[in-house]
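Note that ligands are numbered from 1 as they come in the structure, with each ligand's atoms numbered from 1 the same way. Quantities reported herein were computed from a predicted structural model and do not represent experimental measurements. We're numbering straight along the sequence, starting at 1.
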Amino acid sequence: MKIRTITQDDADAVRKVYELAFPESERDLVSRLAGELLSAAASPPILSLVAEVDGHVVGHIAFSPVTLRDTREPIGYLLAPLAVCPDHQRRGIGSRLVAEGVKQVAAMGAGVLLVYGDPRYYGRFGFTVDQGKCYTPPYPLQHAYGWQAMSLGEGNSGRPDVAIDCVAAFGHPELW
Ligand SMILES: CC(C)(COP(=O)(O)OP(=O)(O)OC[C@H]1O[C@@H](n2cnc3c(N)ncnc32)[C@H](O)[C@@H]1OP(=O)(O)O)[C@@H](O)C(=O)NCCC(=O)NCCS
């Protein structure tokens, strides 16, 4: 298994990963998000990685920059989306995608990582719901318990209510 940076040529394969991995009710929304992140420009840049087995893309993860709503200062990254094809799940591929992405965004100077997903999965990497409570996402959350954060640097130095913005691809309330 190899993890590498995505290219435009991976777009169809990545869409397929989301179609296979997500339930029907969510797959269109999430594969559209992955596609929009692939073609979006951002500063600092979006990080998008694929996992490849025998030359086939079987997993994908993206990290996009998060900014302070009031000053637009970049403070870290949002991890989303993430998926591994069902027939390759539970072999550590998802964990390796997260670990490699965390390593790369930390090296890029990210102070905090945010994620909106199952704490039973993301907790193993160091994300906590408690840290997530310090950051107010751009839209109301359908599942408040899934909003988590992990400090990579100085974090938010204890500020209780930091309003953040994400890149335009996350500008759909139904994603939250
Ligand atoms: C979540 C996902 C990316 C994990 O990929 P993976 O390659 O199977 O992950 P790993 O092999 O590194 O880890 C598998 C472990 O995570 C657990 N796990 C997977 N999804 C989980 C979830 N939603 N909640 C809790 N645990 C979960 C598995 O039970 C397994 O546990 P084990 O190590 O004790 O056996 C994959 O299951 C997936 O694509 N799911 C559908 C899409 C999705 O939910 N994406 C995340 C959206 S936030």
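Of the possible donor and acceptor atoms, none in the side chain of Ser43 sits under 3.5 Å from a partner among the backbone N and O of Pro45.
When the heavy atoms of Tyr121, Phe22, Tyr116 are ranked by distance to atom 44 (O) of ligand 1, first place goes to Phe22. Among Arg27, Arg124, Gln89, Met1, the residue whose heavy atom lies closest to atom 33 (O) of ligand 1 is Arg124. Nearest to atom 10 (P) of ligand 1 by heavy-atom distance, out of Ala80, Gly59, Ser95, is Ser95.
When all heavy atoms of Ala13 and Val57 are compared, the closest pair comes out as CB-CB, 3.8 Å. Closest non-hydrogen pair, Ser64 versus Ile46, comes out as CB-CG1, 3.9 Å. Looking at every heavy atom in both residues, Ala83 comes nearest to Tyr18 through CB-CE2, 3.4 Å.
Within the 4.5 Å cutoff, the side chain of Met150 has no heavy atoms near those of the Thr128 side chain. Two residues are said to be in side-chain contact when any heavy atoms from C-beta on lie closer than 4.5 Å; Leu79 and Val98 meet this criterion.
Looking only at protein heavy atoms, the nearest one to atom 7 (O) of ligand 1 is Gly94 N, 2.8 Å. For atom 32 (P) of ligand 1, the closest non-hydrogen atom on the protein side is Arg90 NH2, 3.9 Å. Considering only non-hydrogen protein atoms, atom 39 (O) of ligand 1 sits nearest to Val84 N, 2.9 Å. Nearest to atom 46 (C) of ligand 1 among the protein's heavy atoms is Leu82 O, 3.5 Å. Summary of contacts: the protein heavy atom closest to atom 41 (C) of ligand 1 is Ala21 O, 3.5 Å. In this structure, atom 48 (S) of ligand 1 lies nearest to the protein heavy atom Tyr122 OH, 3.2 Å.
Counting heavy atoms of neighbouring residues, nucleotides and ligands inside a 6.0 Å radius, atom CG of Asp54 does not exceed 12 of them.
Residue contacts with ligand 1 leave out Tyr18, since none of its heavy atoms falls under 4.0 Å from the ligand.
The N/O atoms of Ala83, backbone and side chain alike, include none that comes under 3.5 Å of an N/O atom in ligand 1. Between Asp118 and ligand 1, at least one N/O pair is under 3.5 Å apart.
Interface atoms of ligand 1 facing Gly92, defined by a heavy-atom separation under 4.0 Å, are 10 (P), 11 (O), 12 (O). Using a 4.0 Å cut-off to heavy atoms of Arg120, the atoms of ligand 1 that qualify are 25 (C). Short contacts between ligand 1 and Arg91, defined as distances under 4.0 Å to a heavy atom of the residue, involve ligand atoms 11 (O).
Each ring pair (Phe, Tyr, Trp, His ring centres under 6.0 Å) pair with one or both residues in residues 63-110, not counting sequence neighbours, would appear here, but there are none.
Under the 3.5 Å distance criterion, with hydrogens and angles disregarded, a donor-acceptor pair is assigned to the side chains of Ser151 and Gln131.
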Using atom types as modelled, flag every donor-acceptor pair under 3.5 Å from a side chain in residues 163-176 to any protein atom, sequence neighbours excluded.
residue: Asp165; atom: OD1; partner: Arg69; partner atom: NE; Å: 3.4
residue: Trp176; atom: NE1; partner: Phe170; partner atom: O; Å: 2.9

